[in-house]
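Just below is one structure, and these are the notes that go with it.
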Number of protein chains: 2
Amino acid sequence: MIALKQPVPSNCGDCPIRNRAVCAHCDHDELVALEEIKYYRSFEAGQTIIWSGDKMNFVGSVVSGIATLTQTMEDGRTQMVGLLLPSDFVGRPGRDGAAYDVVATTDIVMCCFRKAPFEELMSKTPHIAHRLLQMTLDELDAAREWMLVLGRKTAREKIASLLSIIARRDASLAATTSGGGKVFDLPLTREAMADYLGLTLETVSRQMSALKKDGVILLEGKRHVTIPDMQRLLEEAGDDSDGGFLT
Amino acid sequence: MIALKQPVPSNCGDCPIRNRAVCAHCDHDELVALEEIKYYRSFEAGQTIIWSGDKMNFVGSVVSGIATLTQTMEDGRTQMVGLLLPSDFVGRPGRDGAAYDVVATTDIVMCCFRKAPFEELMSKTPHIAHRLLQMTLDELDAAREWMLVLGRKTAREKIASLLSIIARRDASLAATTSGGGKVFDLPLTREAMADYLGLTLETVSRQMSALKKDGVILLEGKRHVTIPDMQRLLEEAGDDSDGGFLT
DNA sequence: GGAATGCTTTGACCCAGATCAATTGAGACA
DNA sequence: TGTCTCAATTGATCTGGGTCAAAGCATTCC
């Protein structure tokens, strides 16, 4: 895959994640202060952005593209513990070492801040700290939702859950809605899906085929997914018919 | 079980969780402001403190005792998503509805604050907001650690992981260390352990028996556990020999 | 075109953990 | 002392998803 030079916002006003990232609630002055310490970094699909255990000297937001957060055991078993979509925050103020590997799944652009000045700024601008708390609480909810998926759902339900999450999150930014159905490209390989779901890639493949055979999803090629009936997918995921998920 | 009237700290200075709860970094004035809106509530073992979906009109900290956070699917499958020990925070500033059931596992005392005044106070006292962010980030790390346990560990490793977490957390407050070994009472039934680990209670029982037979743990009665060799337990849990866990 | 590479699908078989069922043990209570 | 209840153990059997193995299908690169 050719890594094209990716577009970068020229200023915060144009930024596609201006209203959802850690800077969402900042007023003009705060934004100016942030602009002073920010810089953009691009990574190609497949690149590791941060190695677990590394000293982190920056934090930042995903501007475009997708990254994953993964944990690995000594014997090689891996579990994805986070899926980072545009506007998601990376890094942990107040801690030096990275706890997880962060890997770019697609080409990705990040808006980074050196850690020390960001922490300094955070202590002075309550809007940033408050927004970060909100986002962290949301992530905690998502992580707990995922614990239910990992601990109690069947393979078929797991796949349906993942698809419905991607459809929902994708919908909130780049929704292609065609006649009631949702259409998107899977940003993950079968192996990455398996790592997210605590399954093997073979089981993922089998369940994808089964959902296709049963008409729950349509597949063109390996990645292009159409969901003709979102409600049906949610039922397959074992979720409340009226949306067990939070927002 | 007889629910004895439980002791309640007479003021924040005496409070056993003064240095670890959400109020940990508060200075004198902030503490006075908190004291004004705080009140204690006690619950007996088995009582549900909060029902998922309920309107939450308070937040608070666990002072003594243990509670669990659980999610339930329509068909009754349940997954525990949090274990609340003394100093842990309950409730979510900025959201009205409770997302999970909170159940007292032992008799428990909570230090509660009405939600609106607490949120008001939080916006004025950065120490509280900052501490809450720290605690939420810690919980997020714990949740992600747990995702690895749920997604990739064997039943035996899961049990060993749970025991080592309880031993560690218990150690930090009420450690009974006898000659290098750790001793504690399990605060959970086999069923609660199963709900935490995404297993059935039968499997939990079998693996407990197996760990006992292999000398990894000693059991007196059903709940009293001795861990003669913590290092050995960590190996059984599949963790890094030098502590894959954070903190 | 042909070979190499990487992702994906599919099949055959197996096993860890679930399910179903019976039993044990420890209070609580009358 | 017996019986009720509720947690826990243990056994027998079943099965969903893992493991191992072999193709299938695009892309890219000679």
Side-chain angles (χ1 to χ4, degrees), chain A residues 1-3 44-46 73 75-79 103 105-106 149-162 185-214 217 219-225 236 238, chain B residues 1-3 44-46 68 73 75-79 103 105-106 149-163 185-214 217 219-225 236 238:
Chain A
M1 181 186 289
I2 301 164
E44 291 175 30
M73 295 171 68
D75 62 8
R77 282 176 281 176
T78 70
Q79 174 66 48
V103 180
T105 285
T106 64
V149 172
L150 288 173
R152 293 300 185 193
K153 291 195 178 177
T154 64
R156 186 182 173 101
E157 288 170 334
K158 284 179 175 182
I159 299 286
S161 297
L162 177 58
D185 283 301
L186 269 179
L188 302 175
T189 63
R190 297 288 184 266
E191 187 179 24
M193 292 172 70
D195 282 344
Y196 207 152
L197 297 165
L199 298 170
T200 59
L201 69 92
E202 293 94 330
T203 298
V204 170
S205 183
R206 276 186 252 271
Q207 295 298 336
M208 287 289 289
S209 299
L211 288 175
K212 177 183 172 184
K213 184 168 69 63
D214 297 345
I217 61 173
L219 267 179
E220 279 171 81
K222 296 152 196 311
R223 298 292 193 89
H224 194 71
V225 178
E236 291 285 355
Chain B
M1 182 184 291
I2 301 163
E44 290 175 31
T68 63
M73 296 172 68
D75 62 9
R77 281 176 281 177
T78 70
Q79 174 67 48
V103 180
T105 286
T106 63
V149 172
L150 288 172
R152 294 299 186 194
K153 291 195 179 178
T154 64
R156 185 180 173 103
E157 288 170 333
K158 284 179 176 182
I159 299 286
S161 297
L162 177 58
L163 291 174
D185 283 302
L186 267 178
L188 302 173
T189 63
R190 298 287 184 266
E191 187 179 24
M193 291 173 70
D195 282 344
Y196 207 151
L197 297 166
L199 297 171
T200 59
L201 69 90
E202 293 93 329
T203 298
V204 170
S205 184
R206 275 186 250 274
Q207 294 298 337
M208 288 288 288
S209 299
L211 288 175
K212 178 183 173 185
K213 183 168 69 62
D214 297 346
I217 60 174
L219 267 179
E220 279 171 82
K222 297 152 194 313
R223 298 293 193 89
H224 194 73
V225 178
E236 292 286 353

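Proteins come first, then strands; the chains are lettered A, B, ... in the order of their sequence lines, and each starts at number 1.
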Q) With respect to the side chain of B:Arg206, which nucleotide from D:dG17, C:dG11, D:dG11 is positioned closest? A) D:dG11
Q: Determine the contact category for B:Arg223: base if any of its heavy atoms lies under 4.0 Å from a base atom, sugar-phosphate if only primed atoms, P, OP1 or OP2 are that close, otherwise nothing.
A: sugar-phosphate
Q. Contact class for A:Thr189 vs. all strands (heavy atom < 4.0 Å): base, sugar-phosphate, or nothing?
A. sugar-phosphate
Q: Could you tell me the separation between the CG atom of B:Leu219 and the P atom of D:dT10, rounded to a whole number of Å?
A: 11 Å
Q. Among D:dT19, C:dG17, C:dT9, which is the nearest nucleotide to the side chain of A:Leu201?
A. C:dT9
Q. In whole Å, what is the span from the CE atom of A:Met193 to the C1' atom of C:dC7?
A. 13 Å
Q) Can you find a pair of side-chain heavy atoms, one from B:Thr105 and one from B:Thr189, that are under 4.5 Å apart? A) no
**Q.** Separation of atom CG in B:Leu197 from atom C1' in C:dA16, rounded to whole Å
**A.** 15 Å
(Q) Would you say CD of B:Glu191 has more than 12 non-hydrogen atoms from neighbouring residues, nucleotides or ligands within 6.0 angstrom? (A) no
Q.
Test your reading of the model: is there a side-chain donor-acceptor pair from B:Glu157 to the backbone of B:Glu236, 3.5 Å cut-off?
A. no
Q: Can you tell me the distance, in whole Å, between the CG atom of B:Leu199 and the P atom of D:dT9?
A: 14 Å
Q. Can you find a donor-acceptor pair, distance only, under 3.5 Å between A:Glu191 side chain and C:dC7 base?
A. no
Q.
Both A:Arg152 and A:Met208 contact DNA chain C. Which one's nearest nucleotide lies toward the 5' end?
A. A:Met208
Q. With a 4.0 Å cut-off on heavy atoms, is B:Gly198 in touch with a base, just the backbone sugar-phosphate, or nothing at all?
A. sugar-phosphate
Q: Grab the CD-P distance between B:Glu157 and C:dA16 for me, whole Å please.
A: 13 Å
Q | Distance test, side-chain N/O of A:Thr200 to OP1/OP2 of D:dG18, below 4.0 Å | A | yes
Q: May I ask you to evaluate whether A:Ser205 reaches the phosphate of C:dT9, defined as a side-chain N or O under 4.0 Å from OP1 or OP2?
A: yes
Q. In whole angstroms, how far is the P atom of C:dC15 from the CZ atom of B:Arg156?
A. 19 Å
(Q) Below the 4.0 Å mark, does C:dG6 have OP1 or OP2 next to a side-chain nitrogen or oxygen of A:Arg190? (A) no
(Q) With a 4.5 Å cut-off on side-chain heavy atoms, are A:Leu197 and A:Thr203 touching? (A) no
Q) What distance do A:Arg152 atom CZ and B:Asp195 atom CG have between them, rounded to the nearest 0.5 Å? A) 5.0 Å
Q: Nearest whole angstrom, please: distance from the P of C:dC7 to the CD of A:Glu202.
A: 14 Å
Q. What nucleotide among C:dG17, C:dT8, C:dT10 has an atom nearest to a side-chain atom of A:Ser209?
A. C:dT10
Q) Between C:dT9 atom P and A:Leu211 atom CG, what is the distance in whole Å? A) 12 Å
